[in-house]
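These notes concern the structure reproduced below.
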Protein chains: 2
Amino acid sequence: MTAQPGTAPTVPTAQPAPDLSQAPELSQVPDLSQVPDGELLRLDHQICFSLHAASRAFGSVYRVALKDLGLTYPQYLVMLVLWEHGALPVKQIGDHLRLDSGTLSPLLKRLEAAGLVRRERSSEDERSVTVRLTEAGTALREQALCVPRRIVAATGLPLTDIAALQTLLHRVTAALDTADLDTADLDTTEPDTAEPGSA
Amino acid sequence: MTAQPGTAPTVPTAQPAPDLSQAPELSQVPDLSQVPDGELLRLDHQICFSLHAASRAFGSVYRVALKDLGLTYPQYLVMLVLWEHGALPVKQIGDHLRLDSGTLSPLLKRLEAAGLVRRERSSEDERSVTVRLTEAGTALREQALCVPRRIVAATGLPLTDIAALQTLLHRVTAALDTADLDTADLDTTEPDTAEPGSA
DNA sequence: CACAACTAAATTGCGCACAACTAAAATGGG
DNA sequence: CCCATTTTAGTTGTGCGCAATTTAGTTGTG
């Protein structure tokens with residue numbers, strides 16, 4: 001992490017809202033319409049922000065763990081997909097990782113330059129480019145096996161919590177996924193698609 | 001979202017591991033030493049990946065919601081900090097958001113170019129640059145008040161779940177935060193650079 | 001067959017994140 | 001007082017994420 005003064009306890013996200021962060025099950029939730037805008041804005045601050053911070057915190061740890069392998073975090077994700085599924089066209093890699101060719105093309109070029117994959121145009125469909133592991137790319141999997149253990153250890157969380165976190169992330173991603181189109185047309189015309197319980 | 005074919009149900013993260021993702025409380029967790037490397041690698045795939053995907057899914061929704069305000073997601077975070085705390089030096093903004101000047105300097109320049117903030121060197125400490133809201137920047141807060149509601153609506157999650165998610169994210173961020181230095185010296189050579197609260 | 005519509009990759013441009021470095025100012029110890 | 005150290009911003013370079021566009025190949029329809 002860049003700013004790690006050592007003396008400063010950091011984790012600023014943990015400070016302002018100790019009220020709800022320690023309650024594992026707060027069952028009665030107020031109507032959204034009840035919550036004043038200011039509160040909601042604060043809550044929002046917390047959530048988007050926690051996610052942002054957590055994502056980058058993971059990035060830091062992965063960066064260290066992956067340095068030995070010479071991979072960045074997104075490159076590691078691509079390699080995971082290839083190790084699991086074997087040779088794939090760019091499009092399908094993108095489907096797995098939710099990335100488009102604008103991101104993947106240069107990334108795959110770098111993996112190719114590193115000698116980990118080869119890219120070859122499919123003879124069946126000349127539009128498609130098949131990405132397959134080289135021997136070095138396949139061999140790298142062995143070194144990568146130790147990475148997850150280090151990451152899980154670094155989180156310091158029991159697998160229970162990791163699983164719970166993952167569940168919530170799945171839910172929220174799925175929801176946002178179907179929602180962002182709705183939001184789009186909510187933005188243009190209709191005011192009533194909105195949320196169920198509010199004014 | 002870039003790839004949103006409409007017909008494809010997407011959410012590929014939900015497919016491969018239905019085993020543990022639906023269990024809200026799996027209490028007995030195996031020793032990490034028990035879990036075979038392959039399993040752990042799969043789990044790891046899921047967790048780093050879910051977080052990555054969730055973060056970007058949020059990014060998409062925010063992008064739409066913030067388009068009216070002419071702000072990007074990180075710019076919005078900076079504005080939130082300024083709305084909450086008033087004028088601050090760059091350093092302190094960075095502390096709140098865990099960002100360094102390499103990221104903030106150009107970002108703040110863009111906010112200044114947009115007329116939302118002004119940057120002026122402190123007369124007390126000539127190193128420091130104080131960032132303060134302009135009238136336009138202050139006024140923008142009114143428009144921003146509607147954003148959180150839209151985001152929460154887009155998630156489709158009850159506040160309970162959002163709070164739970166936030167709790168877990170805090171925990172994991174804090175853990176990773178203290179951990180990544182440990183990982184670093186585990187990785188390099190010296191055990192003595194250390195830091196206060198760890199092993 | 002010709003032509004429109006679609007699809008897969010790649011490219012361009014912009015902004016963010018971060019490491020590494022520089023410049024300038026403050027601080028503290030001899 | 002002088003100088004090493006530290007602190008604060010800024011700059012440079014690399015890589016990711018995404019929108020928008022381009023290029024090339026495929027498919028469907030008349």
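Residue numbering restarts at 1 for every chain, and letters A, B, ... go by the order of the sequence lines. Hydrogens, waters and symmetry mates play no part in the numbers below; they use all other heavy atoms, side chains included.
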I'd like a table of donor-acceptor pairs (distance under 3.5 Å, sequence neighbours excluded) in which one partner is a side-chain atom from residues 108-116 of chain B, with atom names and distances.
residue  : atom : partner  : partner atom : Å
B:Glu112 : OE1  : B:Arg119 : NE           : 3.1
B:Glu112 : OE1  : B:Arg119 : NH2          : 3.4
B:Glu112 : OE2  : B:Arg119 : N            : 3.2

For a 4.5 angstrom cut-off between non-hydrogen side-chain atoms, does A:Leu51 reach A:Leu169? yes
Side chain to side chain donor-acceptor pair (under 3.5 Å) with B:Tyr76: which residues, sequence neighbours excluded? A:Asp44
Can you list, in residue-number order, the parts of residues 108-118 of chain A that come under 4.0 Å of DNA chain D, counting heavy atoms only? A:Arg110
How would you list, by chain and number, every residue that makes a salt bridge (charged side-chain N to carboxylate O under 4.0 Å, His left out) with A:Arg118, sequence neighbours excluded? A:Glu120
Could you write nucleotides 22-27 of chain D as a row of B, S and -, 5' to 3', where a protein heavy atom under 4.0 Å of any base atom gives B, of only sugar-phosphate atoms gives S, and otherwise -? ---BS-
Below the 4.0 Å mark, does C:dC16 have OP1 or OP2 next to a side-chain nitrogen or oxygen of B:Gln75? yes
Mind checking whether A:Tyr62 and A:Tyr73 have parallel, tilted or perpendicular rings, split at 30° and 60°? tilted
Considering residues at least two apart in sequence or located in another chain, which fulfil the salt bridge (charged side-chain N to carboxylate O under 4.0 Å, His left out) criterion with A:Glu126? none
When we call it a touch if two heavy atoms are under 4.0 Å apart, what does A:Ser101 touch: a base, just sugar-phosphate, or nothing? base
Have a look at B:Thr103 and say if it touches a base, only the backbone sugar-phosphate, or nothing, with a 4.0 Å heavy-atom cut-off. base
Provide, to the nearest angstrom, the distance between the CG atom belonging to A:Asp100 and the P atom belonging to C:dA10. 12 Å
Using atom types as modelled and distance alone, determine if a side-chain donor or acceptor of A:Thr155 lies under 3.5 Å from a backbone N or O of A:Val152. yes
Is the shortest heavy-atom distance from the side chain of B:Val131 to the side chain of B:Leu88 under 4.5 Å? no
Give the rounded distance in Å between these two atoms: CZ of B:Arg63 and C1' of C:dC16. 11 Å
Say you draw a straight line from CH2 of A:Trp83 to CG of A:Leu133; how long is it, rounded to the nearest 0.5 Å? 8.0 Å
Under 4.0 Å from OP1 or OP2 of C:dA10: is there any side-chain N or O of A:Arg119 that close? yes
Whole angstrom is fine here: how far is it from CG in A:Leu66 over to C1' in C:dC18? 15 Å
Closest nucleotide of DNA chain D for B:Pro89 versus for A:Leu77: which of these residues is on the 5' side? B:Pro89
Identify all stems in which DNA chain D takes part, counting only runs of at least 3 consecutive pairs (Watson-Crick or G-U wobble, each distance under 3.5 Å), and give each as one range with another, ordered by first number. C:1-30 with D:1-30
Can you tell me the distance, in whole Å, between the NE2 atom of B:His52 and the C1' atom of D:dG15? 12 Å
Please give, in whole Å, the distance from D:dT8 C1' to B:Ile93 CD1? 13 Å
Please find the pair of heavy atoms, one from B:Leu168 and one from A:Leu168, that lie closest to each other, and give the distance. CD1-CD1, 3.8 Å
Which heavy atom of A:Gly137 sits nearest to which heavy atom of A:Met79, and what is that distance? O-CE, 3.8 Å
Across all chains, not counting sequence neighbours, the side chain to side chain contact (heavy atoms under 4.5 Å, CB included) partners of B:Ser101 are B:Ser105
Who are the side chain to side chain contact (heavy atoms under 4.5 Å, CB included) partners of A:Ala87, not counting sequence neighbours? A:Thr130, A:Arg132
Protein-nucleotides 1-5 of chain C N/O pairs closer than 3.5 Å?
none

Whole-Å distance, B:Leu51 CG to D:dG17 P, equals 13 Å
So which pairs with a foot in residues 160-171 of chain A pass salt bridge (Lys or Arg N to Asp or Glu O under 4.0 Å), sequence neighbours left out? A:Asp161-B:Arg171, A:Arg171-B:Asp161
With sugar-phosphate meaning primed atoms plus P, OP1 and OP2, does A:Leu107 contact a base, only sugar-phosphate, or nothing at under 4.0 Å between heavy atoms? sugar-phosphate
Starting from P on D:dG17, measure out to CZ on B:Phe58 and report it in whole angstrom. 18 Å
With A:Arg63 via salt bridge (charged side-chain N to carboxylate O under 4.0 Å, His left out) - residues at least two apart: none
Just how far, in rounded Å, is C1' of C:dC18 from OH of A:Tyr62? 19 Å
Check every strand shown and say whether B:Thr72 touches a base, only sugar-phosphate, or nothing at a heavy-atom separation below 4.0 Å. sugar-phosphate
